[in-house]
Amino acid sequence: MSIDPGDLLHWFDSCGRDLPWRAPGVTPWQILVSEFMLQQTPVSRVLPIWPDWVARWPTPSATAAATPADVLRAWGKLGYPRRAKRLHECAAVIARDFDDVVPDDVEALQQLPGVGSYTARAMAAFAYRKRVPVVDINVRRVVARAVHGHAEPAAPSTKRDHADVDALLAVIPKADRAARFSAALMELGAVVCTARAPNCAKCPLRSCAWRDADYPAGSAPKRPAQRYAGTDRQVRGRLLDILRDNDFPVTKAQLDVAWPADAVQRERALASLLSDGLVEQDAGGRFALPGQDRNDSTASR
DNA sequence: AACCCGTGGAA
DNA sequence: TTTCCAAGGGT
């Protein structure tokens, strides 16, 4: 079972979302910023942040010139602040080693901080119109259903996943059209062939192995979902909340109120933030986001 | 391979 | 209320 490129591309032309990072004139760097923000994060939460971000820091060198503190504050509560740190590091590498131009080669892209297999391929396809498989959870789900007839994707296998999508791209004559097909495949998984309640009535595909098999349910006994409440991740979030809100270094006591009940966990979370380079400690023992001003002229001495 | 890393909306 | 899920990456 395969997917007719015409079915999908026609649908994408008429029904694809007008996301701002898809607009004409958006640079590869600005697209890369969107890809960092979209890692494990819904489009709806990136939409309010991305335009301001790329207006403020339109190039890798402009981004690299900012402090980590500035970047972490602009990132706000987008989640996984390590992504913001890596985006900043990525900007510095591109400015220093690539003449301020995002590379167009998958291998080079994947060497960049915070850029893995998905993001490297997304850049090659979406920014540089290359014929490369772009495999995210949406693509894996659409392929699992339309091609293999399964409700849910099997465990990720880079080799097999890429081979599946390569087969779909191979029948498309032009590379730039194949790249657009890659975007359309993701879009279908994001808005029609969704995880929870797929809207098959709106599906543009005329062939679907899952439909032909009468929509068999997934048989996947998943492991229990990761909790959030009470985890180190929540504690880290609380600590960073305080640091983002303070323009000058704070005392240990000011941080302690973030998680008063469990000092051991609190110390562990703070140590991990320091280790990740998301927090730094000055000579006086106070804590701050990295690179921010240390002198508070309003402080008593 | 399995686990860690944020956050918030929807069911 | 709890659970699931969202354009992943690093170790």
Q: Using heavy atoms and a sub-4.0 Å distance, could you list which residues of residues 51-63 of chain A are near DNA chain B? By number, please.
A: none
Q: Please list residues of residues 234-244 of chain A whose heavy atoms come under 4.0 Å from any atom in DNA chain B, ordered by number; otherwise none.
A: A/R236, A/G237, A/R244
Q. Where along residues 138-151 of chain A does a heavy atom fall under 4.0 Å from DNA chain C?
A. A/N138, A/R141
Which residues share a side chain to side chain contact (heavy atoms under 4.5 Å, CB included) with [X], sequence neighbours left out:
X      : value
A/D136 : A/Y118, A/N138, A/V139, A/M186
A/T27  : A/W29, A/Q30
A/Q110 : A/V106, A/S117, A/A120

Q | Listed once per pair and sorted, the salt bridge (Lys or Arg N to Asp or Glu O under 4.0 Å) pairs that draw on residues 251-261 of chain A, sequence neighbours left out | A | A/K252-A/D256, A/K252-A/E267, A/D256-A/R266
[X] has an atom [atom1]; how far is it from atom [atom2] of [N], in whole Å?
X      : N     : atom1 : atom2 : value
A/R73  : B/dG6 : CZ    : P     : 17 Å
A/Y228 : B/dC4 : OH    : P     : 14 Å
A/L87  : C/dG9 : CG    : P     : 13 Å
A/F126 : C/dA7 : CZ    : P     : 12 Å
A/D232 : B/dC5 : CG    : P     : 5 Å
A/I137 : C/dG9 : CD1   : C1'   : 15 Å
A/R82  : B/dG6 : CZ    : C1'   : 10 Å
A/W75  : B/dC5 : CH2   : C1'   : 13 Å

Q: State which residues pass ring-ring contact (aromatic ring centres under 6.0 Å, His included) with A/W259; sequence neighbours excluded, sorted by chain then number.
A: none
Q: Check ring-ring contact (aromatic ring centres under 6.0 Å, His included) between A/Y215 and all other residues, then give those that pass, not counting sequence neighbours.
A: A/W210
Q: Walk me through it: do A/K77 and A/D241 pass the test salt bridge (charged side-chain N to carboxylate O under 4.0 Å, His left out)?
A: CA-CA 8 Å; A/K77 304 203 70 162; A/D241 248 343; 3.0 Å; yes
Determine all donor-acceptor pairs shorter than 3.5 Å in which one atom belongs to a side chain in residues 5-14 of chain A; sequence neighbours excluded.
from	atom 1	to	atom 2	distance (Å)
A/D7	OD1	A/R206	NE	2.9
A/D7	OD1	A/R206	NH2	2.9
A/D7	OD2	A/R206	N	3.2
A/D7	OD2	A/R206	NE	3.2
A/D13	OD1	A/R180	NE	3.2
A/D13	OD1	A/R180	NH2	2.7
A/S14	OG	A/H10	O	3.2
A/S14	OG	A/W11	O	3.2

Compare side-chain N and O positions of [X] against OP1 and OP2 of [N] and report whether any pair is under 4.0 Å apart.
X      : N     : value
A/R227 : C/dT2 : no
A/Y80  : B/dT7 : no
A/Q39  : C/dG8 : no
A/T119 : C/dG9 : yes

Q: By nearest nucleotide on DNA chain C, pick out whichever of A/L38 and A/L112 is the more 5' one.
A: A/L38
Q.
Return whichever of A/Q110 or A/A190 has its heavy-atom-nearest nucleotide of DNA chain C closer to the 5' end.
A. A/A190
(Q) According to a hydrophobic-cluster definition based on side-chain heavy atoms being under 4.5 Å apart (Ile, Leu, Val, Met, Phe, Trp, Tyr only), do A/L72 and A/W50 belong together? (A) no
Sidechain N-carboxylate O distance under 4.0 Å for [X], [Y]:
X      : Y      : result
A/E187 : A/R17  : yes
A/R236 : A/D276 : yes
A/R140 : A/D164 : no

**Q.** Approximate separation, where rounding is to 0.5 Å, of A/L273 CG and A/R82 CZ
**A.** 10.0 Å
Q) What nucleic acid atoms does A/A195 come within less than 4.0 Å of, heavy atoms only: base, sugar-phosphate, or nothing? A) sugar-phosphate
Using a cutoff of under 3.5 Å, can you pull out all pairs of nitrogen or oxygen atoms linking the protein to nucleotides 9-11 of chain B, with atom names and distances?
none

Donor-acceptor contacts under 3.5 Å from residues 51-58 of chain A side chains, at least two apart:
none

